[in-house]
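Here is the naming used below: chain letters follow the sequence lines, and residue numbers restart at 1 for every chain. Treat the numbers as computed from the prediction; the structure is a model and nothing was measured.
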Number of protein chains: 2
Amino acid sequence: MTTERTAESLAKTLRDAIIRFSRRVRQARPVGDLTFSQLSALTSLQLHGALTPRELADVERVQPPTMTKIVGKLEERGLVARTPHPTDGRQVILAATDEGRAVYAVHEDARNEWLAVQLDRLTPEERDTLARAAEILQRVARA
Amino acid sequence: MTTERTAESLAKTLRDAIIRFSRRVRQARPVGDLTFSQLSALTSLQLHGALTPRELADVERVQPPTMTKIVGKLEERGLVARTPHPTDGRQVILAATDEGRAVYAVHEDARNEWLAVQLDRLTPEERDTLARAAEILQRVARA
DNA sequence: CACGATACTTAGCCTAGCTAATGAGCATGG
DNA sequence: CCATGCTCATTAGCTAGGCTAAGTATCGTG
């Protein structure tokens, strides 16, 4: 089944696989936990250190107003802090707080538990395939 | 970078890749077009012929009320028809209409255009990796 | 120093998820 | 043969997460 594929048929297959996979992973979220989007934004902030809303929106591939909402939720919970930019009064610096980093570590593990168990059942080759696919998807998403 | 991966680190990587990829593909949608979820439901109906709402919800990995909403949108546009079940008065049979099939073919192509172009730029090996990954993701989603 | 550009937010809209509750129909055990 | 309990679909009501358009503040430059 993994013979030669046209880009068109692959596009359809990939789209369907990803929408179902996303839904399945979403369902595995404990109530009261951080959502997909929130966790992703927090991850980016940890990885990149500190970012402006615009930068974070670009990394996360959403529009700035969407990021305002997501960051708002994280700020409510004290996981992210907004500080004014030192020289440019228009800009804001976003960074994970100490609590954000702590909560992140805990939630991240709990959040991934279901998925990690599933992945653990795969063969090493399959995991390798997924790892390479993830890289490619990131690249395509950036295009 | 695609060396040995633990399930945990892969889970994180995969989750991030997929959320960004989904957002990117979503952005490529022309306004007024069918949404991700609508198209996916319509695809399943075409593939499986006719299904009850419960069955369709299971295939799509959503809860029944969510499917009611999605089907409602499709029915408004005349793309899907609800017909009563012949023997069981509780159930309903969902099927794509002729117009549904026609619109599907057109929208599907337009919808995938951006993605197909991106995929076309990849190497055959990369496309093969994605095809195999899609298969694995489908399997994991079904778990 | 006025005016255009940039950064963020606010306002308002829609879709997509969910759970809980409702109503209709089936099936079965007494 | 019907009461009771189950299943199916839908409705109601909520939240999150997207978007665009518009508003506000600040910057930078001519």
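Listed by chain and number, the residues in a side chain to side chain donor-acceptor pair (under 3.5 Å) with A:Arg24 amount to none (sequence neighbours excluded). For the side chain to side chain donor-acceptor pair (under 3.5 Å) test, no residue two or more places apart in sequence or in another chain qualifies with B:Asp16. Applying the side-chain contact (heavy atoms from CB on, under 4.5 Å) criterion to A:Ala102, with sequence neighbours excluded, gives no partner residue. With sequence neighbours left out, A:Asp109 forms a side-chain contact (heavy atoms from CB on, under 4.5 Å) with no residue at all. Partners of B:Arg142 under the side chain to side chain donor-acceptor pair (under 3.5 Å) rule, at least two apart in sequence or in another chain, do not exist in this structure.
Rounding to whole angstrom units, CZ of residue A:Phe36 and P of D:dG17 are separated by 11 Å. The distance between atom CD of B:Gln91 and atom P of D:dA9, rounded to the nearest whole Å, is 5 Å. At whole-Å resolution of the value, CZ in B:Arg26 and P in D:dG18 are 7 Å apart. Atoms NZ (B:Lys69) and P (D:dG13) sit 12 Å apart, rounded to a whole Å.
The line from CZ of A:Arg121 to CZ of B:Arg139 is 12.0 Å long, rounded to the nearest 0.5 Å. Expressed to the nearest 0.5 Å, how far CG of A:Leu51 lies from CE of A:Met67 amounts to 9.5 Å. The CD atom of A:Gln138 sits 11.0 Å away from atom CZ of B:Phe21, with the distance rounded to the nearest 0.5 Å. Atoms OH and CG, from B:Tyr104 and B:Leu39 in turn, are 6.0 Å apart once rounded to the nearest 0.5 Å. If you take NZ on B:Lys69 and CD on B:Gln38, they are separated by 12.5 Å, rounding to the nearest 0.5 Å.
Among the atoms of the strands shown, only primed sugar atoms or phosphate atoms (P, OP1, OP2) are found under 4.0 Å from some heavy atom of B:Arg23.
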Would you tabulate the side-chain donor-acceptor contacts of residues 53-62 of chain B under 3.5 Å, counting partners in other chains and residues two or more places apart, or write 'none'?
unit_1  : atom_1 : unit_2   : atom_2 : d
B:Glu55 : OE1    : B:Thr52  : N      : 2.9
B:Glu55 : OE1    : B:Thr52  : OG1    : 3.4
B:Glu60 : OE1    : A:Arg23  : NH1    : 2.8
B:Glu60 : OE1    : B:Ser40  : OG     : 2.7
B:Glu60 : OE2    : A:Arg20  : NH2    : 2.6
B:Glu60 : OE2    : B:Ser40  : OG     : 3.3
B:Glu60 : OE2    : B:Ser44  : OG     : 2.6
B:Arg61 : NE     : B:Ala141 : O      : 3.4
B:Arg61 : NH1    : B:Ala141 : O      : 3.1

Identify every side-chain donor-acceptor pair in residues 71-79 of chain A under 3.5 Å, counting partners at least two apart or on other chains, and give the distances.
unit_1  : atom_1 : unit_2  : atom_2 : d
A:Glu75 : OE1    : A:Arg82 : NH1    : 2.2

Got a list of protein N/O to nucleotides 22-26 of chain D N/O distances below 3.5 Å?
unit_1 : atom_1 : unit_2  : atom_2 : d
D:dT26 : O3'    : A:Gly89 : N      : 3.4

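Running 5' to 3' along DNA chain C, contacts with non-hydrogen atoms of chain B at under 4.0 Å begin and end at C:dT15 to C:dC26.
Side-chain atoms of B:His48 and B:Leu45, non-hydrogen and from C-beta on, never get closer than 4.5 Å to each other. At least one side-chain heavy atom of A:Leu137 sits under 4.5 Å from a side-chain heavy atom of B:Leu130.
The stretch residues 70-85 of chain A touches DNA chain D through A:Ile70, A:Lys73, each having a heavy atom under 4.0 angstrom from the strand. Taking a 4.0 Å limit (strictly below) on heavy-atom distances, residues 52-62 of chain B reaches DNA chain D at B:Thr52, B:Pro53, B:Arg54. Sorted by residue number, the list of members of residues 39-47 of chain B with any non-hydrogen atom under 4.0 Å from DNA chain D is empty.
Taking only side-chain nitrogens and oxygens, A:Ser37 comes nearer than 4.0 Å to OP1 or OP2 of D:dG17.
Under a 4.0 Å N-O distance rule, the pair B:Glu108/A:Arg15 qualifies as a salt bridge.
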Applying side-chain contact (heavy atoms from CB on, under 4.5 Å), run through A:Ile70 and A:Thr66 and close with a yes or a no.
CA-CA 6 Å; A:Ile70 294 171; A:Thr66 300; 4.1 Å; yes
